[in-house]
Amino acid sequence: MDKIFRKNAVLMCLLVVPFHVAAQGSNIELLVTLQYDVPGYVTNAVYTRPSFEVMRQEIMKRYGGQYNVSVRYFQHKDHRTCEDVTADAVDDISEYLFLHRRNDTCYAIVESGCNEQNGLSNLAAQLDMLVFTLNMDSMMKDFLTPKSDPQTTVSVGASSISFNVALLDLLNQHRWYHVTTLVEISKNITAFYSLMETSLIDLTKRTGLPFQLTSRFMDNVMPEREIASILRDLKRQGRVFVLYMTAVLALRVLALTDELDMNNGEYVFINSQPIPTPTYGVPAQFTQPVNGIKNLNAFRSLIMLLPATKPPTATIMPEVNAKIANITLAQFNYTYANGIAPLDTGFAGRTALEMLEVFSTVAVESDSDQQKAHPVSFKTQCSGHDLVDRLSNRVFSLRSGKLYFSASGIRLLNTDVFAFNTSTFALQTIGIYDSTEKRMLFIANRSIPWPTPNGLQPPDVPECGFAGDEGPCAEKKVLERTSAIGGIIACIAVLVVCAALHQWHIRNATEVVNYWILDPELLHYLTRHFSVAPLSYHED
């Protein structure tokens, strides 16, 4: 209770304390609340602080010292859990801004994956301050509605919207509009699969395309008979299945396609994995000799979506990588393996570079515009809302490459598309969804080896419909039924005729036989008269 009261009191003070007008735009400061060393997090200090420092120096040099760029860390070495980080982040930022905030400084906050959205993001919204969030909950919710609260937060991590934008483009290119989502809700799996399904539903409503979605939920403790029952029911409603689930559960689904007659090429299975780890799913788990499923048709109908592998920076940014490696060794006594560029080892280092460069870019733009229009105006000084507007729906050409933020302030990542290779019996990359170009790009001479009779993609709706009783099959069934009915009628007619003939035969056969029966009344008796006369007898 004391902590809540203190936080609210500090916030009220922050909102009412006047700031004196000073030289505009002279300082750019990034306030970092990333965890220092919480086990399991790739955004710990050892991976991010060196990148922030290298980019800070580069930006200072880029603008000729016109702007003083600084990065201030609010990290605690004794924090070992996310709860520890969350408990202190809001208080740390509030106290610092209350004591040191200057109106000649443009601020932005980096929110860790631990900080919940209702904490720092809401504080920053009230202070009109930009926030870059790495929070998983925020990333998955995506702030689908532009200008929805919190209005000054943008997402820089992998998000469901990145995958679903790529997925919708893939579905639309193939004209697949009847889509069934199978969503895993196992207890040991976080809720992001269900959040991805919610995101997909929201996005389809915005496309204006005739998507028809059906959703079913399952978990990894379901027996095969229950999964088979679900598939048997859903196959009558669609042929395209989006598998928001782990690779382990997806393999169980694919293994059932043989007995359910779903491996004939008419079905499509799309597995979307925003976190490419063995716990969730990687392409190697779908290698045919490994998983032991004998029928290849199910794998030939499989498409997998994963975060795109970024181009290596070892050759295009050798100096930056060298500086990061040196700082990492000096500050953390950590050495990268020989020949491995720090920026190519994971998500965190490159993202740290990008956040500070994007922030500096829009801050300098804002300052330049304000100096032209309002030389001494405090009200429009480095507004978080203004910065969000400047970076939304925009492609940035950064030191590390191109980066795109959607109209909702979501950084959209590129997405790799995998399909089965019938020669290697493994998944291979066949294309990429380029978020900056907003389209799917396929690799030449690589395609999906559809197991259809003609080798072409399956249609959205089969020729005979989902139940197999429409189109030409309906006419065929009518003909079959007509033939069957005709056959039955013919059989009945034959039976009737035979019965009639049989009765006729019996009736007529009886009359003929009667002719052979003697009628006593028709008999005429002849009277014979016999007389006995003595015969003469002569003896010689």
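By the 6.0 Å contact criterion, CG on N333 is open, its count of non-hydrogen atoms from other residues, nucleotides or ligands being 12 or less. For NZ of K402, the number of neighbouring non-hydrogen atoms (other residues, nucleotides, ligands) closer than 6.0 Å is 12 at most.
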Would you check, one step at a time, whether the test side-chain contact (heavy atoms from CB on, under 4.5 Å) holds for V358 with V156? CA-CA 11 Å; V358 167; V156 293; over 6 Å; no

Let's go through C382 and L387 carefully: what are the C-alpha distance in whole Å and the side-chain angles of both, what is the deciding distance for side-chain contact (heavy atoms from CB on, under 4.5 Å) to 0.1 Å, and is it a yes or a no? CA-CA 7 Å; C382 195; L387 297 184; 3.9 Å; yes

Going through the checks in order, is the side-chain contact (heavy atoms from CB on, under 4.5 Å) test met by L97 and L31? CA-CA 10 Å; L97 291 175; L31 312 179; 4.0 Å; yes

Verify side-chain contact (heavy atoms from CB on, under 4.5 Å) between V46 and T328, making sure each step is shown before the conclusion. CA-CA 7 Å; V46 64; T328 304; 4.0 Å; yes

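L130 has its side chain out of reach of R390: every pair of non-hydrogen atoms, C-beta onward, lies at least 4.5 Å apart. The side-chain heavy atoms of F396 and L391, taken from C-beta on, include a pair separated by under 4.5 Å. Contact annotation: the side chain of L34 never approaches that of N44 to less than 4.5 Å [non-hydrogen atoms, C-beta and beyond].
Atom CD in Q285 sits 7.0 Å away from atom CG in L251 (nearest 0.5 Å).
In this structure, the ring of Y334 has its center less than 6.0 angstrom from the ring center of Y336.
The only option from V183, D202, L182 that meets the side-chain contact (heavy atoms from CB on, under 4.5 Å) definition with E197 turns out to be V183. Just one of R56, R62, K61 meets the salt bridge (charged side-chain N to carboxylate O under 4.0 Å, His left out) condition when paired with E58; it is R62.
For the pair R350 and D344, the salt-bridge criterion is met [side-chain N within less than 4.0 Å of a carboxylate O]. Looking at E184 and R252, no side-chain N of the basic residue comes within less than 4.0 Å of a carboxylate O on the acidic one, giving no salt bridge. For E29 and R102, the salt-bridge test fails: no basic side-chain N is under 4.0 Å from an acidic carboxylate O.
Aromatic ring pairs are classed by plane angle as parallel below 30°, tilted from 30° to 60° and perpendicular above 60°; the pair F332 and Y36 is tilted. By the 30° and 60° cut-offs, the orientation of the rings of Y63 relative to Y67 is perpendicular.
T361 places a side-chain N or O within 3.5 Å of a backbone atom of E357 that can act as its donor or acceptor partner.
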